[in-house]
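Only this structure's heavy atoms are used, side chains among them; waters, hydrogens and symmetry mates stay out. The first residue in the sequence is number 1, and the count goes up from there. Whatever order the structure lists them in is the order used to number ligands and atoms, beginning at 1.
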Amino acid sequence: PRVVFSGIQPTGIPHLGNYLGALSNWVKLQKNAGPEDELIFSIVGWHALTLPQDPVALRAARSDMLSVLLAIGIDPNRSIVFHQDQNLHHTELCWILNCVTPLGKLRRMTTWKARLAASRNANDESEVDESLLNAGLFTYPVLQAADILAYRATHVPVGEDQRQHLELSRDIADIFNRTFNQGPPLFPLPECVITPSKRVLSLKDPTSKMSKSSPDIQSRILLTDTGAQIRAKIRGAVTDSIQGVTYDPVNRPGTSNLLTILAACTDREVLDVAKTYQHKGHGQLKTDVADAVEELFKHPRSEFEKIRGEASYLLKIAKDGAERAMTRSERTLLEVRSRIGLS
Ligand code: TYM
């Protein structure tokens with residue numbers, strides 16, 4: 001049987017990239033799961049702390065994320081849905097894994113390298129302003145490995161940007177297995193499960209991914225955007241000045257991104273979709289993409305509006321989820337403590 005685990009940071013309402021790259025796959029895996037399969041989805045508040053967060057906004061975002069997961073169809077009777085910060089086994093395991101993780105592997109993470117690059121001294125490139133970097137940014141992927149390994153997960157549905165973190169999780173699992181090899185290997189090596197729309201691009205700068213942290217709000221579509229907002233953002237999407245529509249991600253990233261989005265929203269192959277636009281222009285494509293996204297988000301948006309006000313229901317779901325998660329991870333932690341000599 002499979003153990004599916006994934007997480008999302010509570011840093012605001014998810015965007016189309018989060019949805020097409022990861023969340024829609026969570027729901028699909030839940031739908032197709034066999035009776036023995038387990039599904040565990042976490043709202044990872046500790047990961048969010050690696051960047052400065054306003055406590056009031058974080059509290060609201062944390063609760064909204066739970067509403068979003070329920071609104072898109074994660075079923076708490078079938079899947080475990082919980083707040084990472086309510087299961088201390090994650091931090092315990094994270095510490096233990098920190099102690100077997102080679103520094104060199106963390107230094108090679110592209111997410112870390114991007115942080116380093118961003119904090120280089122403008123006048124002297126060789127100098128990094130370390131006061132801009134917290135230790136959490138560096139050990140972030142170890143906490144992610146702990147999230148996954150606490151449940152001995154076998155499958156992890158994520159977008160392309162998480163692939164390297166997943167490879168590190170496998171490495172850490174393997175190091176632990178080989179170091180503490182009393183009995184059969186403790187951790188399965190978790191597999192990455194990636195959707196066809198694994199990297200949805202920014203609507204304003206199609207050389208970078210759609211991201212929650214871009215200052216330009218027009219660059220992303222939020223799950224809660226209205227039809228009018230969706231249409232305006234798609235209309236303003238950067239494409240190119242080449243006549244007609246073709247799928248060519250290298251030379252036409254903006255146009256290809258719209259085709260990818262349309263294919264994902266309508267559950268078709270991107271090349272099939274591209275064929276139907278051979279004799280059409282960007283205007284038609286944009287209209288159709290906007291319609292498709294609006295249709296896709298219509299139901300989740302109205303569900304979200306209903307659920308988010310149900311404070312006591314949400315509290316109950318969270319409490320329940322945390323208890324079930326802890327019962328699950330306790331089994332792993334008992335075994336881990338015993339193997340390392342701290343039981
Ligand atoms: P986060 O919160 O940044 O993003 C949540 C999920 O959305 C995917 N994603 C995208 N997919 C396609 N196109 C995009 N433009 C795009 N932007 C985001 C991400 O790949 C991710 O799957 N480190 C993780 C959270 C995490 C986690 C875990 C994931 C913590 N522990 C354990 C899996 C397993 C993160 O920051 O995701």
For [atom], what is the nearest protein heavy atom, given as residue, atom name and distance?
atom                    : value
atom 12 (C) of ligand 1 : K198 O, 3.1 Å
atom 3 (O) of ligand 1  : Q9 NE2, 4.0 Å
atom 19 (C) of ligand 1 : D161 OD1, 3.3 Å
atom 10 (C) of ligand 1 : G17 O, 3.4 Å
atom 17 (N) of ligand 1 : H15 CE1, 3.5 Å
atom 37 (O) of ligand 1 : Q162 NE2, 3.9 Å
atom 23 (N) of ligand 1 : Y140 OH, 2.7 Å
atom 9 (N) of ligand 1  : N18 ND2, 3.7 Å

So if I count the atoms of ligand 1 from 1 in the order they appear, which ones are less than 4.0 Å from some heavy atom of [X]?
X    : result
I8   : 2 (O), 5 (C)
D147 : 28 (C), 30 (C), 31 (N)
G21  : 11 (N), 12 (C)
R199 : 12 (C), 13 (N)
V156 : 33 (C), 34 (C)
A22  : 6 (C), 7 (O), 22 (O)
M210 : 14 (C), 15 (N), 17 (N)

Review point. So H90 and F5, would you call those rings parallel, tilted or perpendicular, with 30° and 60° as cut-offs?
Key: tilted
Review point. Under 3.5 Å, is there a donor-acceptor pair between the side chain of Q9 and the main chain of G45?
Key: no
Check your understanding: Under the 3.5 angstrom rule, does the side chain of S214 hit a backbone N or O of S211 as a donor-acceptor pair?
Key -> no
**Study point:** cation_pi(K316, Y313) dist<6.0 Å, angle<=45
**Key:** no
Review point. Taking N or O atoms only and a 3.5 Å limit, does F5 qualify as a polar contact for ligand 1?
Key: no
Practice item. Flag K209 as yes when one of its N or O atoms lies below 3.5 Å from any N or O atom of ligand 1, and as no otherwise. Key: no
Review point. Can you check whether L39 reaches L29 side chain to side chain, under 4.5 Å on heavy atoms?
Key: yes
**Study point:** T255: which of T239, D240, T246 passes side-chain hydrogen bond (donor to acceptor under 3.5 Å, both in side chains)
**Key:** D240
Review point. In a check of side chain to side chain contact (heavy atoms under 4.5 Å, CB included) between R301 and each of T226, D225, I13, which one passes?
Key: T226
Practice item. Please check if the distance between the ring centroids of F297 and Y19 is under 6.0 Å. Key: yes
Point to revise | Verdict with supporting geometry, R178 and D174, salt bridge (charged side-chain N to carboxylate O under 4.0 Å, His left out) | key: CA-CA 6 Å; R178 284 188 286 107; D174 186 51; 3.1 Å; yes
Exercise for review: Taking all heavy atoms of L93 and all of A146, pick out the closest pair and write down the distance.
Suggested key: CD2-O, 3.6 Å
